[in-house]
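Basis for what follows: all heavy atoms, side chains included, without hydrogens, waters or symmetry-related copies. Order of the sequence lines sets the chain letters (A, B, ...), proteins ahead of strands, with each chain counted from 1. Source: prediction; values computed, not measured.
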Amino acid sequence: MHREFDLIGELEGALRAAAAASGIEPGTFEPGVRTADPRHGDFQANGVLAAAKRSGNAPRPMAEAIASALSGAIREGFEVSVAGPGFINFAARPQLLLGWLKAHASREDLAAGASAAHAGETWVVDYSSPNAAKQMHVGHLRSAVIGEAIARLLGFTGARVVRDNHIGDWGTQYGKLIWACKRYLDEAALERDPIDEFERLYKIGNSAAESDAEVMEVARAELVKLQAGDPENLALWRRINEASLSAFQRIYDRLGIRFDETLGESFYNDKVERIYAELSEAGVSSPSEGAQVVFHPEHPRFKTQPMIVRKSDGAANYATTDLAAILYRSEHFGASSILYVVDKRQADHFEQLFLTARKWFAQRGWAVPKLEHVDFGTVLGEDGKPLKTRAGDHVRLTDLLDEAVQRAYALVTGKSPEFPEDERRRIAEIVGVGSVQYADLSQNRSSDYLFSWDKMISLEGNTAAYLLYAIARIRSIFRRQGVECGDPAAESGADAFQTPGEIALARRLVKFADALRLALESLRPHFLCLYLYELAGEFSTFYNADKVIVADPVARARRLLLCSRTLLVLETGISLLGIRTLERM
RNA sequence: GCACCCGUAGCUCAAUUGGAUAGAGCAUCUGACUACGGAUCAGAAGGUUGCAGGUUCGACUCCUGCCGGGUGCGCCA
């Protein structure tokens with residue numbers, strides 16, 4: 001039985017061995033296996049072309065030599081051929097497909113196979129990270145959704161993941177806010193909706209400070225008092241943060257997000273002194289105009305645009321806390337990698353931050369974690385401009401999710417009016433929220449994306465509802481047949497796949513490993529979305545062509561096996577995206 | 001001014017980071033078993049990948065120059 005989860009990895013190993021056996025110097029040949037266009041088979045190796053070019057040999061004979069040196073086990077599993085200028089093509093035989101599917105019968109089986117990718121690594125994922133005292137709005141959506149999906153993918157593939165919510169809970173905005181709280185706080189309003197009230201107060205404080213220098217002075221003094229530990233201000237600050245966190249948590253609950261750590265900027269208050277000292281001792285920073293700054297002379301921009309690590313008034317800013325966070329994550333969590341799921345407009349900041357951290361760590365002789373800015377584009381309205389309400393305000397995330405659920409409810413009620421109301425509500429929550437998440441994840445994160453209710457909640461195309469529908473339909477087959485999905489007794493009689501629909505579906509299923517690899521190598525969940533969408537489409541084709549519940553027990557077992565594995569992969573994949581699944585809809 | 005990103009079918013997006021004939025969905029058109037859930041499926045049509053050069057066996061992808069759009073840039077995050 002075939003047990004290798006990662007078929008591409010297996011083929012690459014076999015090709016290396018075959019190359020060595022046919023006299024090619026080890027290290028000069030990278031197999032370069034990838035999934036192929038189905039016309040050419042399942043997998044293709046492109047590496048011969050590059051290797052032949054380097055060594056000055058003709059690629060075609062080289063490819064033939066390597067192909068004929070492949071082990072018997074590979075030839076048993078794959079039909080091997082050489083095509084074009086020197087591609088080596090592999091078509092999986094039905095028996096191999098069957099073996100793979102039998103060997104991967106549960107989520108645990110898949111996880112065991114996948115976990116080789118990042119075993120032993122610790123990844124800190126910094127995502128969501130909203131500012132306290134403000135409503136989460138549509139601008140906070142992508143970081144939360146993409147960050148969660150990446151964290152889940154990393155965990156599934158073997159990494160130890162630390163999910164860290166780097167809340168903006170410290171800084172200049174608190175002076176103005178406290179100033180306003182002491183004068184205009186409405187206790188009744190605070191009781192009703194604390195964030196709303198704090199947001200209102202912040203706006204008052206902000207505009208007062210802007211138009212009145214005296215207010216600005218008092219606000220600044222309030223901030224200094226807070227930072228000095230004044231009990232009254234500190235109590236107010238705590239109250240603001242507690243209210244903020246519990247409001248955020250309500251959103252996170254709906255999105256299925258749970259952080260391991262919530263180490264906001266304030267957490268680093270007592271850690272910034274060390275940063276100032278470290279940076280100047282390491283010779284990385286220099287004084288400039290009363291501030292402590294870092295220049296990078298070798299960089300086209302940062303030779304003139306400094307990173308300010310300490311303001312001229314002596315206070316820290318976000319650059320300081322970000323540096324302190326790198327150190328803490330490195331020392332305390334032993335991070336091998338740190339990811340920042342943050343808007344692409346902050347690209348300059350992160351480039352500067354990483355340059356600085358690398359120089360500093362190198363000076364100290366410390367291992368630098370891999371640092372990566374996982375950027376994403378802006379959510380745009382139908383007019384192509386950043387999404388706003390008609391009044392021109394930010395769209396609150398609660399309102400956005402509520403509207404998604406409401407639209408999903410209308411849809412479910414239209415399609416399945418016979419379901420009890422509470423079930424339709426439950427389905428609507430999953431479909432509505434899932435549609436928002438999926439619309440975000442299914443697109444390359446780096447580009448801006450157009451927010452469209454109609455496309456998002458639609459049942460057609462690459463949407464959450466399409467995937468969830470495929471799941472519901474498979475579940476329905478098992479209900480009707482009266483067997484549990486994955487019941488070994490129902491599958492044990494299966495023989496190798498025969499019809500075009502069966503074979504195409506099985507070939508798609510074994511490529512789950514590749515979808516994970518693609519999504520993780522580039523930290524782009526849309527590769528997994530695309531795979532799941534194509535899998536669901538392949539299932540629908542199969543379902544329309546081949547009846548599952550047939551009299552022939554062998555054919556039935558074969559098809560039930562395919563249904564069960566399709567369900568498994570769809571549910572596993574969707575859950576890795578952070579989206580919940582359902583039984584029927 | 002400097003720096004970065006983007007430009008692919010009418011529309012919204014892909015293209016495994018240099019691989020084979022650039023793929024999907026929507027919209028348009030043609031079909032499908034009295035339905036294991038038709039919220040489906042099969043098919044047709046739709047392209048000089050912004051423009052012009054270059055690099056090589058091979059370019060949407062890399063380089064150069066234009067054109068068009070966006071973003072960021074000393075004490076906010």
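A donor-acceptor pair under 3.5 Å links the side-chain atoms of R507(A) to the main chain of G41(A), judged by distance alone. Distance alone, capped at 3.5 Å, is enough to place a donor-acceptor pair between the Q292(A) side chain and the Y276(A) backbone. Remark: the backbone N or O of E298(A) is not paired with any side-chain donor or acceptor of H296(A) at under 3.5 angstrom. With hydrogens and angles disregarded, no donor-acceptor distance shorter than 3.5 Å links the side chain of K134(A) to the backbone of E199(A). Using a distance-only test at 3.5 Å, with no hydrogens or angles considered, a donor-acceptor pair links the side chain of D448(A) to the main chain of T378(A). Put simply, the side chain of N165(A) gets close to the backbone of S129(A): a donor and an acceptor are under 3.5 Å apart.
With rounding to whole Å, N462(A) atom CG is found 12 Å from rA15(B) atom P. As rounded to whole Å, 9 Å separates atom P of rC4(B) from atom CD of E351(A). Rounding to whole angstrom units, NE2 of residue H373(A) and P of rU71(B) are separated by 17 Å. Rounded to an integer number of Å, the gap from CZ of F87(A) to P of rA20(B) is 7 Å. Protein atom CG of L528(A) is 16 Å distant from nucleotide atom P of rA14(B), rounded to whole Å. For the pair L518(A) CG and rA15(B) P, the computed distance is 10 Å after rounding to whole Å. Between the CG atom of D375(A) and the C1' atom of rU71(B) there is a distance of 12 Å, rounded to whole Å. Rounded to an integer number of Å, the gap from CD1 of I427(A) to C1' of rA39(B) is 12 Å.
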Table of protein N/O atoms under 3.5 Å from nucleotides 62-69 of chain B N/O atoms:
none

Give each protein N/O atom lying under 3.5 Å from an N/O atom of nucleotides 28-37 of chain B, with the pair distance.
unit_1	atom_1	unit_2	atom_2	d
rC36(B)	O4'	K547(A)	NZ	3.4
rC36(B)	O3'	R480(A)	NE	3.1
rC36(B)	N3	V548(A)	N	3.1
rC36(B)	N4	Y543(A)	O	2.6
rC36(B)	N4	D546(A)	O	3.1
rG37(B)	OP1	S476(A)	OG	2.7
rG37(B)	OP2	S476(A)	OG	3.3
rG37(B)	O2'	Y469(A)	OH	2.8
rG37(B)	N7	S476(A)	OG	3.3
rG37(B)	N1	M585(A)	O	2.9

Protein N or O to nucleotides 72-75 of chain B N or O, pairs below 3.5 Å:
unit_1	atom_1	unit_2	atom_2	d
rG72(B)	N2	R301(A)	NH1	3.3
rC73(B)	O2'	R301(A)	NH2	3.3
rC73(B)	O2'	Q305(A)	OE1	3.1
rC73(B)	O2	R301(A)	NH2	3.4
rG74(B)	O6	S288(A)	OG	2.8
rC75(B)	O2	S312(A)	N	2.8
rC75(B)	N3	S312(A)	OG	3.2
rC75(B)	N4	E289(A)	O	3.1

Under 3.5 Å, which N/O atoms of the protein pair with N/O atoms of nucleotides 5-13 of chain B?
unit_1	atom_1	unit_2	atom_2	d
rC13(B)	OP1	L450(A)	N	3.3

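Geometrically, R473(A) engages Y543(A) in a cation-pi contact defined by less than 6.0 Å to the ring centre and at most 45° from the axis.
F376(A) and Y127(A) have their aromatic ring centers separated by at least 6.0 angstrom. Residues F354(A) and H373(A) keep their aromatic ring centres 6.0 Å or farther apart. Less than 6.0 angstrom separates the ring centroid of F350(A) from the ring centroid of Y340(A).
In this model, the phosphate group of rA15(B) is approached by a side-chain N or O of H526(A) to a distance below 4.0 Å at OP1 or OP2. For the OP1/OP2 pair of rC41(B) and a distance below 4.0 Å, the side-chain nitrogens and oxygens of Y466(A) include at least one atom meeting the criterion. In this structure, R60(A) does not reach the rC57(B) phosphate: none of its side-chain N or O atoms is under 4.0 Å from OP1 or OP2. When the side-chain nitrogen and oxygen atoms of S129(A) are compared with OP1 and OP2 of rA77(B), none of them lie within a distance under 4.0 Å. At the phosphate of rA20(B), neither OP1 nor OP2 sits under 4.0 Å from any side-chain N or O atom of R39(A).
Within the 4.0 angstrom heavy-atom criterion, base atoms lie near R524(A). A315(A) comes within 4.0 angstrom of no nucleic acid atom, judged by non-hydrogen atoms across all strands. Within the nucleic acid shown, E534(A) has no heavy atom closer than 4.0 Å to any nucleic acid atom. Base engagement by N89(A) is indicated by at least one non-hydrogen atom pair under 4.0 Å involving a base atom. Among the protein residues, T35(A) comes within range of the nucleic acid bases, having at least one heavy atom under 4.0 Å from a base atom. Residue H349(A) is classed as having no contact, given no heavy-atom separation below 4.0 Å to the nucleic acid. Counting non-hydrogen atoms under 4.0 angstrom, S458(A) reaches nothing in the nucleic acid.
Taking a cutoff of 4.0 Å between a charged side-chain nitrogen and a carboxylate oxygen, D375(A) and R445(A) qualify as a salt bridge. Salt-bridge check for K271(A) with E273(A): failed, with every basic side-chain N at 4.0 Å or more from each acidic carboxylate O. A salt bridge between E429(A) and R426(A) is absent, with no side-chain N of the basic residue lying under 4.0 Å from a carboxylate O of the acidic one. Taking the charged nitrogens against the carboxylate oxygens, D552(A) and R559(A) have no contact shorter than 4.0 Å, which rules out a salt bridge.
Consecutive Watson-Crick or G-U pairs involving RNA chain B, each under 3.5 Å on both distances, make up stems of three or more pairs at B:1-7 with B:67-73, B:10-13 with B:23-26, B:28-32 with B:40-44, B:50-54 with B:62-66.
Each of G461(A) and F527(A) was matched to the nucleotide of RNA chain B holding its nearest heavy atom; the match closer to the 5' end belongs to F527(A). Of the residues near RNA chain B, N46(A) and Q173(A), the one whose nearest nucleotide (by heavy atom distance) lies more toward the 5' end is N46(A).
With contacts defined as side-chain heavy-atom distances shorter than 4.5 Å, the pair D169(A)/Y174(A) qualifies.
Rounded to a whole angstrom, the distance from the P atom of rG65(B) to that of rG1(B) is 16 Å. A distance of about 23 Å separates the C1' atoms of rC51(B) and rU56(B), rounded to the whole Å. Straight-line distance between the P atoms of rU48(B) and rA22(B): roughly 12 Å, to the nearest whole Å. Separating the C1' atom of rC41(B) from that of rG72(B) is a span of 48 Å, rounded to the nearest Å.
For L518(A), the side-chain contact (heavy atoms from CB on, under 4.5 Å) test picks out D514(A), F527(A), with sequence neighbours left out.
Relative orientation of the W170(A) and W237(A) rings is perpendicular, given thresholds of 30° and 60° on the angle between their planes.
For rG74(B), the glycosidic angle deviates from 0 by 90° or less, giving a syn base. rU8(B): glycosidic angle beyond 90° from 0, hence anti.
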**Request:** Could you check S312(A) against E289(A) for side-chain hydrogen bond (donor to acceptor under 3.5 Å, both in side chains), going step by step and ending with a plain yes or no?
**Result:** CA-CA 7 Å; S312(A) 50; E289(A) 298 175 26; over 6 Å; no
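Around atom CD of E521(A), more than 12 heavy atoms belonging to other residues, nucleotides or ligands sit under 6.0 Å away.
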